Amino acid sequence: MSPNRHSAALAVRDLRVEIRTREGIVRPVDGVSFDIRPGRTLGLAGESGCGKTVSALALMRLLPRGQARISGGSVLWSNGDGESVNLATAAEQEVRRLRGRRLAMIFQDPAAALNPVFTVGEQIAEVSRLHLGLSHGKAMRRAVSLLSRVGIADAARRAREYPHQFSGGMQQRAMLAMALAGEPGILIADEPTTALDVTVQAQIVDLLRGLQSEAGMGMLWVTHDLGVLAQVADEICVMYAGRIVERAGTRELFANPLHPYTQALLACVPRLHRPAGTGGIPGSVPTPAEVPPGCRFHPRCALSRRLAVELDAELCVNTQSGSVLRRCVDEVPALRPVGADHWVACGEVAS
Amino acid sequence: MVRYVAKRLLLAGVTLVGITIVTFAVTRLAPGDPALEAVSRGGASTMSAEAYARLRTYYDLDQPLSRQYAAWLGRVVRLDFGRSFHDGRRVTDKVGERLPATLCLAGGAVVLSLAFAIPIGLASARRAGGVFDTVAGGVLAALHSVPRYVMAMLLIVVVGVHLDWFSPYGLRSDSFEDMSYPGKAADLVRHFALIVFCFAYPLIAYQARFIRGNLLEVLGQDYIRTARAKGLSERAVLHRHAFRNTLLPLITVVGLLVPSALGGSVILETMFQWPGIGQLLFQAMTQRDYPVVMALTVVAAVVVLLCTLLADLTYALADPRVRYA
Amino acid sequence: MLQARAPRLWRRFRRRRLGMLSLAGLVLLAAVAVLRPVLASRLPIVCRYEGRLYFPGLVGVLRSVPFASAVVEESRPFSLPSFDVEKAVADSSFAVRALIPYDPLDYSSEVRARPSRQHWLGTDDLGRDVAARLVHGTAVSLKVGLGAMALAGLVGIVLGAWAGYAGGIVDVVVSRLIELVMCFPVFFLILAVMVWVEEPGVTHVVFVIGLTAWTPIARLMRAEMLRLRGSEFAVAARALGAGPVRVLVRHLLPNAMAPVAVTITFGVGHAILIEAGLSWLGFGVPPPAPSWGVMLRSAYDQIQSAPFLVYPPCVAIFVTVLMVNWLGEAVRDAADPRGESENLVPG
């Protein structure tokens, strides 16, 4: 086990991703910064299409080749030992050395993420063979122990089975075993519970939390489900249309959501003492090809519209989606600190 | 799995019965009395009264159709196809001695085509749209459009006439006996190479395109992303994870290519004077040697049936999703 | 439904250069086949003979239209075997000869002549002009290719649609039949049937190829029917009270026609190949006829003495089949929008 495993960290600065489409170049991730700290879990939240999965893939340099690429910013991995690599620009070979070994990733749909023609054991063992240089036999034995570590009963027999013989929850456990096989310092979980039944979701959430504190991994948890993040995350970044609009400690964010988008998102989370907000947020996330100018949320922003009604007409502007504040259209709001451990990208809230 | 195999075998059995009925029907429902036909057409020179009598007994022509079929089927099951009109030898022997040459061709063609198609397919898929992909794709598409016998004719003209390297016909050259051992080996190889190439090149084109397309589809799957996330090299991702998933459909495709290869064997073997069953069929046709023609038709259909069946079953055995279904 | 579909298909097809090129080439080939009496014939197209104008070539074109021979009379005396055309033309004050002034069946003493100004592609072992035979062979190939696939298409569409739409026992029987016929390698079944044919001619070849080539069409049609049977518009049509035949013919068939048309197109190329192959073996169109396969055979038989005879039929077969394949691919790409999205970058 690497001595510095507990101090690996990932610093993401101004990350930008470009995708080439027929209509031209679009940027699903446009200047995103955050830190994954050792032993801590960072939640990345947002509606589907906001760029959170693309960000996660970009960290691992797993963007589909020839279609999407990192166009700017840095992804600095460091192991606390002075060794660091900028994943955004490092050579492919260097990135491969880290993938699966220092950074691991689990995906949304475990049924599709497992190769159907290899046994589960083989797929887990492959990682130990590749990164730890274990022999086939040793790697298989290790795969079995990893499988029991992620809570699969009768692991020795299960390791010889194929993915389709596993239930959804077990498939995600197997993915997790595969991710843990390289003893990574950082784990990126892209919607790890979305495709699972509710009861299984809770089990996987518990399992991941347990494993994380046990191994001291830094973790990025990407999800649209703020309810899950309330349980697992130490800190949360809320993404909208390729940008982070609010960042705060979990407790702070839930207690004091400042950005109108975060507020709207939270209103959608069902709670015991209050029914979920009806109808969610009006409108939908703009596609990367048609991001609005200024604050990207302004066409759907309740705050901007409310203020537009209250304030003088000269501060307002009429848009397709109604009257909003002029500054929301003209200015691109930066992420600014508004309190200890709380940043928000909204001109109105910050001032 | 057991149910699937059982169902597949049952269907194959039905088809097998169908094959015998069709063959029998083609023989019997043809206008006139096959024995008389044979006498009148095979020419008196080759057809004696004795042969005619033998033929009448063979077909049980005085019996009702159903009885005739039953009797004929009974003999076919025992691999008794009667005797050749042409030389009176047992049809089974005549066919049996020709089979190895054709099987060599078919086997050689499949091995050769896979040996070329797999690397080409992998390389094309690796850089889809790249220079190699474009060039190989264009060349293979052009090759694929050249009919086998046109290619054979062109090869014969170029090798046998214009370049005058060697006589491209048969298994070996006429001067084979006088050659040294390496010379003999080289002679066999170049005779074999010519005809095997004619069998193989459309297969190469087809399979390479199939592998490429299949790989590209597989490469878009989530589990390929997982394999990359593990830190595997692109090579390992392509050769191990992607290719293994392509192998299964490839098995089926190879099995399904057998009919076309067998069908093509008639002209190619005749052109190259290759002593296989294709050439035998041609000879039997020119000699109006019905027992041989019918035997070959049954044998060819059964071989195709077996290949399709084998392809299906191997697919099932090789695919864990089917195996444990 | 078909009315709305065809123009869209055509618009998409028109964008494919290779497809358009092939279509143009095949139209040209068809023109060659139809106009063969004015392209390659010893009869002049126009000739003033004994003070009268004759149009033997044009009459030949007209008479080659089906059933027209009953209406259009032969151009006597040019059509008479004993008539000396050469002399008539030489004596004539005005005569326009065919491009290739030879009949495909005319023997001459100029045997195995290399290509020259007189005989563009040379002559074969019986002194027949190869170019003339090639031109007339076009008609044989196209006749067999189109005829056989028309028959195969009819059988395949009817059986496949019936099986897929009716299901049940019909489906079981037709499916078994398809698998059964597919078990026989093409040449084996065709030869086994042809061996019984007393004197094979173009019609026999068309029938035999047609009756063995319908299986892929039927299989595709059946699958399309199974797919479309449960589709919303079929259910909607039934809900509106349309009878089964009406649903099948008006709603399902038009939707299934595009992929079937693609298969039939490829089948034409295949049938042309089989015809040439059969004729090469001597069990197709019988020898004096100018089939490309027959020409290939005669080239094979004297490959040592006249290797130049190999190329014309080889090129003709290759180019024709290539164009048919390209056409088929273009139609397929035009008919299948999925083919377009394949190259599309996901957003």
Side-chain angles (χ1 to χ4, degrees), chain B residues 11-12 14-16 18-19 21-23 26-27 30-32 34 37 41 129 141-142 144-151 153-154 156-157 160-162 216 220 258-267 270-271 278 281-282 284-286 288 290 293-294 296-297 299-305 308, chain C residues 172 175-198 269-270 272-274 276-278 280-283 292-293 296-297 299-300 303-311 313-326 329 342-343 346:
Chain B
L11 288 181
V14 173
T15 310
L16 187 63
I19 289 173
I21 293 179
V22 167
T23 315
V26 167
T27 327
E37 285 275 312
R41 258 220 256 108
H144 193 61
S145 291
V146 183
R148 277 195 171 104
Y149 54 79
V150 167
M151 177 67 87
M153 286 287 283
L154 294 175
I156 290 173
V157 166
V161 181
H162 291 320
L216 286 184
V258 169
S260 85
L262 262 182
S265 74
V266 182
I267 298 185
T270 309
M271 267 187 185
L281 180 67
F282 170 73
M285 286 285 299
T286 36
R288 304 271 169 181
Y290 303 111
V293 172
M294 289 304 135
L296 285 173
T297 310
V299 167
V302 170
V303 166
V304 171
L305 181 67
T308 346
Chain C
V172 171
S175 297
R176 286 305 91 202
L177 189 64
I178 293 172
E179 191 180 320
L180 177 61
V181 176
M182 282 188 130
C183 267
F184 291 93
V186 178
F187 270 95
F188 283 70
L189 187 56
I190 292 180
L191 285 177
V193 175
M194 288 304 278
V195 78
W196 301 101
V197 178
E198 194 76 38
H270 211 66
I272 289 175
L273 272 183
I274 295 177
L278 271 181
W280 186 88
L281 288 169
F283 297 100
W292 292 343
L296 204 61
R297 179 69 198 211
Y300 175 83
I303 207 158
Q304 288 296 340
S305 51
F308 58 87
L309 288 179
V310 165
Y311 301 107
C314 275
V315 170
I317 294 170
F318 170 64
V319 169
T320 308
V321 173
L322 185 67
M323 285 194 301
V324 172
N325 284 348
W326 278 347
E329 272 165 34
E342 228 174 50
N343 308 324

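Atoms considered below: every heavy atom in the structure, side chains included; atoms not considered: hydrogens, waters and symmetry mates. Note that the structure is a prediction, hence the values are computed from the model and not measured. Each chain gets a letter, A, B and so on, in the order its sequence line appears, and its residues count up from 1.
Ranked by non-hydrogen atom pairs under 4.5 Å with chain C, the options Val14(B), Ile21(B), Val302(B), Leu281(B) are led by Leu281(B). Annotation: maximal heavy-atom pairing with chain B below 4.5 Å, among Pro307(C), Cys314(C), Pro313(C), occurs at Cys314(C). Most heavy-atom pairs under 4.5 Å with chain B, from the set Ile274(C), Leu273(C), Leu322(C), Ile190(C): that is Leu273(C). The greatest number of non-hydrogen atom pairs below 4.5 Å with chain B, out of Pro185(C), Gly277(C), Ala276(C), Ala299(C), is found for Pro185(C). Across Val186(C), Val315(C), Ile317(C), the residue that shares the most heavy-atom pairs under 4.5 angstrom with chain B is Ile317(C).
Here Arg297(C) pairs with Asp301(C) under the salt bridge (Lys or Arg N to Asp or Glu O under 4.0 Å) rule; sequence neighbours left out.
The shortest side-chain heavy-atom distance between Ser145(B) and Val321(C) does not fall under the 4.5 Å cut-off. Within the 4.5 Å cutoff, the side chain of Val293(B) has no heavy atoms near those of the Phe188(C) side chain. In this structure, Leu262(B) and Phe187(C) have side chains that are not in contact, with every pair of non-hydrogen atoms separated by 4.5 Å or more.
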Next item on the list: Quick one: do Phe184(C) and Val304(B) satisfy side-chain contact (heavy atoms from CB on, under 4.5 Å)? Show the steps, please.
Entry: CA-CA 7 Å; Phe184(C) 291 93; Val304(B) 171; over 6 Å; no
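Heavy-atom distances place no part of Thr308(B) under 4.5 Å from chain C, backbone and side chain included. In this structure, chain C has no heavy atom under 4.5 Å from any part of Ala141(B). Neither the backbone nor the side chain of Leu177(C) comes within contact range of chain B; no heavy atom of the residue lies under 4.5 Å from a heavy atom of that chain. With a 4.5 angstrom heavy-atom cutoff, Phe283(C) touches chain B only via side-chain atoms. Proximity to chain C involves both the backbone and the side chain of Val157(B), based on heavy atoms less than 4.5 angstrom apart. Neither the backbone nor the side chain of Met151(B) comes within contact range of chain C; no heavy atoms are under 4.5 Å apart.
Using cut-offs of 30° and 60° on the angle between ring planes, the pair His162(B) and Tyr311(C) is parallel.
The salt bridge (Lys or Arg N to Asp or Glu O under 4.0 Å) contacts involving residues 177-195 of chain C comprise Arg176(C)-Glu179(C), where partners must be two or more places apart or lie in separate chains.
For the pair Thr15(B) and Leu180(C), the tightest heavy-atom approach, listed with the atom from each and the gap, is O-CD1, 3.4 Å. Summarising the geometry of Ala142(B) relative to Phe318(C), their closest heavy-atom pair is O-CE1, 4.2 Å, with the distance given to 0.1 Å.
The CE atom of Met153(B) lies 4.5 Å from the CD1 atom of Ile303(C); values are rounded to the nearest 0.5 Å. Rounding to the nearest 0.5 Å gives a distance of 10.5 Å between CD of Gln304(C) and CD1 of Ile156(B). With values rounded to the nearest 0.5 angstrom, Leu281(C) atom CG is found 4.5 Å from Ile267(B) atom CD1.
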